[in-house]
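In this text the structure is predicted, and so the values were computed from the model without any measurement. Because only heavy atoms are used, hydrogens play no part in the values below, and waters and symmetry mates are left out as well, while side chains stay in.
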Amino acid sequence: MTRVVTVSSLAEAAAAGGAILGGGTLLMRQVNDAPQEVPELVHVNDPALRILRSDGAHWHIGAGVTMTDIIASPDCAALHPVARSIGGPALRNMASVGGNLFAPHPYGDFAVALLALGAEVIWSDGRAQDIESFLRGRDTAQGAVQALRVPKVTPDRLAYRKVSRTKPKGVSVMSVAVLLETSAGTITSARVAFGAMGPTPMRAPSAEAALRGARLDVAGVAAACDACVRDLAPVDDALASAWYRAEVAPIHLRRCLLGEV
Amino acid sequence: MPKTPVTFNLNGAETGVFVDDAQNLLEALRRGAGDLSPKFGCGQGTCGACTVLIDGVPHLSCLTLAEAVSNRNIETTGGLAGAALHPLQKAFMEGFAAQCGFCTSGMLMAAKALLDRNPRPSREDVIEAISGNLCRCTGYEPIVDAILKAAGEMRGGYAA
């Protein structure tokens with residue numbers, strides 16, 4: 001059975017060593033299903049985790065900030081479509097940004113956007129880690145995430161798509177987020193991230209390289225879209241096969257880049 | 001096994017229950033407080049049948065740690081009706097918005113949270129508000145219609 005430890009600060013939570021409860025949408029599910037897999041649940045009552053603020057260049061998003069909090073912040077407009085794509089209202093009132101970082105396949109759409117944006121993960125001891133290296137080690141990571149430091153962008157810079165089988169809400173067949181810089185119709189830089197296309201959200205460096213200098217139109221992005229599959233490692237699950245995911249990834253990347261319906 | 005006492009306000013009444021370690025709020029309500037109105041559907045946060053309001057905001061009670069709701073206000077379908085049915089309940093009944101009825105309790109609470117916040121919702125607002133609640137019988141249209149009808153009645157002063 002699962003033991004619950006309640007603490008009032010993140011530092012205590014990190015020291016406690018158990019699984020830290022965020023919004024509960026993933027951990028409580030595991031507790032309901034297989035309590036023996038979660039020997040200890042650490043419940044943190046630390047209001048600092050709910051702080052969402054921004055300075056000139058960055059959003060500082062506390063690990064406990066919910067998807068609803070993101071949508072309620074006009075300053076975070078670029079992140080609204082991402083937060084809105086996650087669950088229904090009740091789930092969004094619970095699901096936290098910090099928890100989303102640890103969400104296993106096929107979940108974790110918010111982390112996909114954070115990866116495209118080049119966020120930094122801030123640990124409870126103040127250490128900052130870039131999100132790519134964080135994601136590589138997240139399943140064995142020790143410690144507690146305090147917040148995210150995310151480069152601020154306007155909504156036109158971040159393209160995002162979530163592909164699901166059911167409308168309006170469903171689990172990801174894949175999600176795609178692209179941070180794009182263009183100059184006179186030519187792409188000067190791109191960070192491309194995919195969700196549900198590997199064990200964690202993954203970048204597609206081959207696509208990024210092919211996008212640099214390309215025109216932002218159907219012909220211009222074609223090579224990059226075809227290249228994206230090289231960097232991804234999709235798996236079979238109940239929603240789609242790995243084969244299907246790989247076949248349609250270029251199409252969804254194109255739609256995301258060009259804003260196609 | 002040791003139990004933890006938790007007190008909260010349930011539909012206006014101070015309520016205390018003893019919960020097992022890591023027990024979810026849905027079980028605490030159903031087994032501890034004897035309120036059988038929130039339903040256990042999936043236990044995974046997928047179906048929305050267990051939706052309750054915590055301090056007026058919809059939450060999935062099956063994924064909420066019971067200990068974490070100490071001193072907070074919980075609303076369930078069990079507390080919706082006063083002397084008469086709530087306009088939402090009436091509209092659901094009259095509009096055949098419930099068939100098997102299993103999703104209804106969660107639908108009603110998701111709808112109540114919407115109407116408490118927005119008395120004049122658009123059809124799109126309603127669809128978004130119940131987008132986390134699955135119904136396998138009705139095809140959703142009668143539910144959306146019923147919520148819009150109840151909203152109209154509540155604006156007209158028929159609120160319970």
* Determine the option with the most heavy-atom pairs under 4.5 angstrom with chain A, choosing from Gly132(B), Pro58(B), Gly106(B). => Pro58(B)

* Name the member of Leu41(A), Leu26(A), Val4(A) that forms the most heavy-atom pairs with chain B at distances under 4.5 Å. => Val4(A)

Across chain B and chain A, what donor-acceptor pairs are shorter than 3.5 angstrom?
from      : atom 1 : to        : atom 2 : distance (Å)
Asn24(B)  : ND2    : Asn32(A)  : OD1    : 3.0
Gly43(B)  : O      : Asn32(A)  : ND2    : 3.3
Gln44(B)  : O      : Arg29(A)  : NH1    : 3.4
Pro58(B)  : O      : Asn93(A)  : ND2    : 2.8
Cys62(B)  : O      : Asn32(A)  : ND2    : 2.8
Glu128(B) : OE1    : Lys169(A) : NZ     : 3.3
Glu128(B) : OE2    : Arg92(A)  : NH1    : 3.4
Glu128(B) : OE2    : Arg92(A)  : NH2    : 2.6
Glu128(B) : OE2    : Lys169(A) : NZ     : 3.2
Ser131(B) : OG     : Lys169(A) : NZ     : 3.4

* Structure fact -> In Leu25(B), Leu60(B), Leu63(B), the residue satisfying side chain to side chain contact (heavy atoms under 4.5 Å, CB included) with Met28(A) is Leu63(B)

* To do: Please state whether the side chain, the backbone, both or neither of Ala68(B) comes within less than 4.5 Å of a heavy atom of chain A.
  => both

* Asked: Of the backbone (N, CA, C, O) and the side chain (C-beta and beyond), which part of Leu27(A) lies under 4.5 Å from a heavy atom of chain B, both, or neither?
  -> neither

* To do: Report the residues that fulfil side chain to side chain contact (heavy atoms under 4.5 Å, CB included) with Ala83(A), sequence neighbours left out, ordered by chain and then residue number.
  => Met67(A), Ile70(A), Ile71(A), Phe110(A)

* To do: Could you pull out all residues at least two apart from Met1(A) that satisfy side chain to side chain contact (heavy atoms under 4.5 Å, CB included)?
  => Pro35(A), Met1(B)

